[in-house]
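First up is the structure itself, then whatever we jot down about it.
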Amino acid sequence: MALHPAPITLTPGVRSALEEKVASLIDSETGTIGPEIYADPYLHELEQERVFGRCWLLVAHESLIPKAGDFFASRMGEDPVLVVRQKDGSIAVFLNQCRHRGARLCRADLGKTKAFQCTYHGWTYDLGGNLVSISKSDAVGGDRIDKSEWGAIKVAKIHNFYGLIFATWDEDAPSFEDSLGETRWYWEAMFNRPGGTEVIGGVQKWEVPANWKFGAEQFASDIYHFDYTHVASALAMMPEGMEYQEPPPLEGRQFRDRGHGGVATPMVEMSDMQTAMAMGMEVMRYNQSTRDAHAKLVGEQAAKQTQFVHANMFPNMGILPLNQTLRIWQPKGPNAMEVWAWTLVDRDAPEDIKKQCRIKTQMTFASSGVFEQDDAENWTEIQRVLRGTKARKTLFNNMIGANESKDPSGKYPGRTDRAQSEAASREFYSWWRDLMLQPVQGE
Amino acid sequence: MSSFEMTMPYQRPSDAQASDMETTFRLSQFLYAEAQAIDERRFDDWLAMLAEDLHYEAPARYNRLPRERTKEWASEDEAKHFEDTKEYMQLRVKRLQTDKSWSEDPPSRTRHLITNVQVAHSVSANAYIVDSNFSVYRARAADDEEFFFGTRHDHIRENSSAPAGFEIARRTILFDQTLILSANLGIFF
């Protein structure tokens, strides 16, 4: 189990010292990263307040909680939250903490209930997190407490984006769509699927002793690592008798804005071959069969001309559309993260296709996934080296790519660079830095 | 109604009959030989102990409300840490043997301790139903160590053409962790 240091309470003086530090650690103009951002417990705490306390965060997929009373115990940063389907079909998200002495309201990972009763003194909250009963109220004078004032702490806003449930603690947060900025076209294309999406039931969770930003940054901006990090799996998956050759530079564009990033490539014969290798022939044929219906929703260019490869929605939602893994990089102190991963499928896909997707995704990108393992190894190694003082003071090079801002072909909207670039990584860290420099309400 | 008793995620064949001492001994020895092959990284030997129609799985596990404890394990169509055929196992081994599988460079030094072996025979399943517990110690690099505990439910068949005389047709691995406290499940159980 990774070391999880005791939480630190920041004071205004410490925050302003940290702001100075953050400003000096991220230089997006030249493209350098001061790696203390991955290891410093004070910065981690400020990040909890100013990044996770403010951004729209993925908390669940609605298919995990289809019926009234269904809940999923999620996280927003290090804060535990309950995501609960209400009787009217809406979804509530609130802090998984009793207002009396702060015990966790629900210790189950997921399930179905009528109410949440704290096991300490029995205070009871309804599905919306409202305090409905103070136990032994008559005997303990509970009637003197205004229950409406002591409900579980609710998030400020909730948004359902094609089945993905997002929440934010920030009342002043921009609308979810606005928060996507110029990357919206890409997310719409990935998630607005004919018939909608669902995740394979349950969730896979594992703990990686590395900072969450390594996962987020890589999914946002790094196809560059693939041929080196994953060479063993690529070799092992080569069909019998075929020689492995390093793939040619990837066509397509890397998109970026407001901390988000990802890569979209032209849909060519090769894309279908890649899908066939990663997910099997049946899934490839199924995907082809959905393109007309998908084009009606998102247009020809998005549905028929574009293959989405990898993306990270700032801060911590990762997706590999080709491999159909959707995950949250849950921070766990500066030195560790939990990866919560799902297989994302079309809700209307035939059962055998869903099964095939599940098996292939688990095999490639999951706790035992043959590709996933090598990523975690690299991130863990970086974190290990950062135990050293000299190592933490040594700047990382984040200079790959040209910082182009427009696709010359005009096919890919928004700010884009070549596919193999670190422009989206620079965007990720510069957005992170900007948020870290802006106080949030209630600090 | 709550159930404190664990609901297992597999069906035990109803005709399973406890095996005699000699069969139990032979199957135990087979499991130890298998564990030894893994620990010595003789993965080709290990693959030879797996049936062509292998089903190797490890369902995800959850903390549940008391009245929902029967759903502690991911169901058949839900998330699993492993859900492999023999072909997939061969791929995992092939990956390790490229010498470029960085998560196993340097390789994990594993120690599989296999205990609590119970053997039954089922005519309907045409196999021995073998339950065993494992504790797996994983040491890697200098100061990395992980511990995996759990139980396994195997279907093992006699196969005179297999080098060890048996082959594993089905293995269900039940980890004692819900959150897997490891950067990867890159070793075999």
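Throughout, protein chains are lettered first and strands after them, A, B, ... in sequence-line order, and every chain is numbered starting at 1. These numbers come from a predicted model, not from an experiment. Every heavy atom of this structure was used, including side-chain atoms; hydrogens, water molecules and symmetry mates were not.
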Per-residue contact mode, A/T343 against chain B (heavy atom under 4.5 angstrom): neither

B/E57 portion near chain A, given a 4.5 angstrom heavy-atom threshold: neither

Smallest separation among heavy atoms of A/V370 and B/R95, with atom names: O-NE, 3.2 Å

Expected output: side-chain B/W102 to main-chain A/Y228 donor-acceptor under 3.5 Å: yes

Max heavy-atom pair count under 4.5 Å with chain A, selected residue of B/K80, B/Q90, B/K71, B/R61: B/K80

Heavy-atom neighbours of A/Y224 OH exceed 12 at 6.0 Å: no

Full working for side-chain contact (heavy atoms from CB on, under 4.5 Å) between A/K355 and B/D77: CA-CA 7 Å; A/K355 180 180 177 185; B/D77 57 358; over 6 Å; no

Region of A/F371 that comes under 4.5 Å of a non-hydrogen atom in chain B: neither

A/K360 versus B/Y88, side-chain donor and acceptor atoms under 3.5 Å: yes

Residues of residues 108-116 of chain A with any heavy atom under 4.5 Å of a heavy atom in chain B: A/A108, A/D109, A/L110, A/G111, A/K112, A/T113, A/K114

Nearest non-hydrogen partners of B/D105 and A/E377, listed with the distance: O-OE2, 4.2 Å

Best-contacting candidate, A/A341, A/A73, A/S367, A/G202, against chain B by heavy atom pairs under 4.5 angstrom: A/S367

Structural part of B/S182 lying under 4.5 Å from a heavy atom of chain A: backbone

Crowding at CE, A/M273 (>12 non-hydrogen neighbours, <6.0 Å): no

Top contributor to chain A interface from B/E104, B/Q177, B/K94 [non-hydrogen pairs under 4.5 Å]: B/K94

Contact origin within B/A79 toward chain A - heavy atom pairs under 4.5 Å: both

CZ/B/R64: more than 12 non-hydrogen atoms of other groups inside 6.0 Å: yes

Value rounded to 0.5 Å, distance of OG in A/S368 from CD1 in B/I187: 11.5 Å

Toward chain B, the part of A/V203 with a non-hydrogen atom under 4.5 Å: both

Value rounded to 0.5 Å, distance of CE in A/M363 from CD in B/E83: 12.0 Å

Residues which pass side chain to side chain contact (heavy atoms under 4.5 Å, CB included) with B/N184, listed by chain and number, not counting sequence neighbours: A/Q373, B/S103, B/R138

Other residues, nucleotides, ligands: >12 heavy atoms within 6.0 Å of A/R107 CZ: no

More than 12 heavy atoms of other groups within 6.0 Å of B/Q29 CD: yes

Residue B/D143 versus chain A: region with a heavy atom under 4.5 Å: side chain

More than 12 heavy atoms of other groups within 6.0 Å of A/Y120 OH: no

Closest non-hydrogen atom pair, B/A183 against A/A376: O-CB, 3.7 Å

Of B/I180, B/L179, B/L181, the residue whose pairing with A/E338 passes side-chain contact (heavy atoms from CB on, under 4.5 Å): B/L179

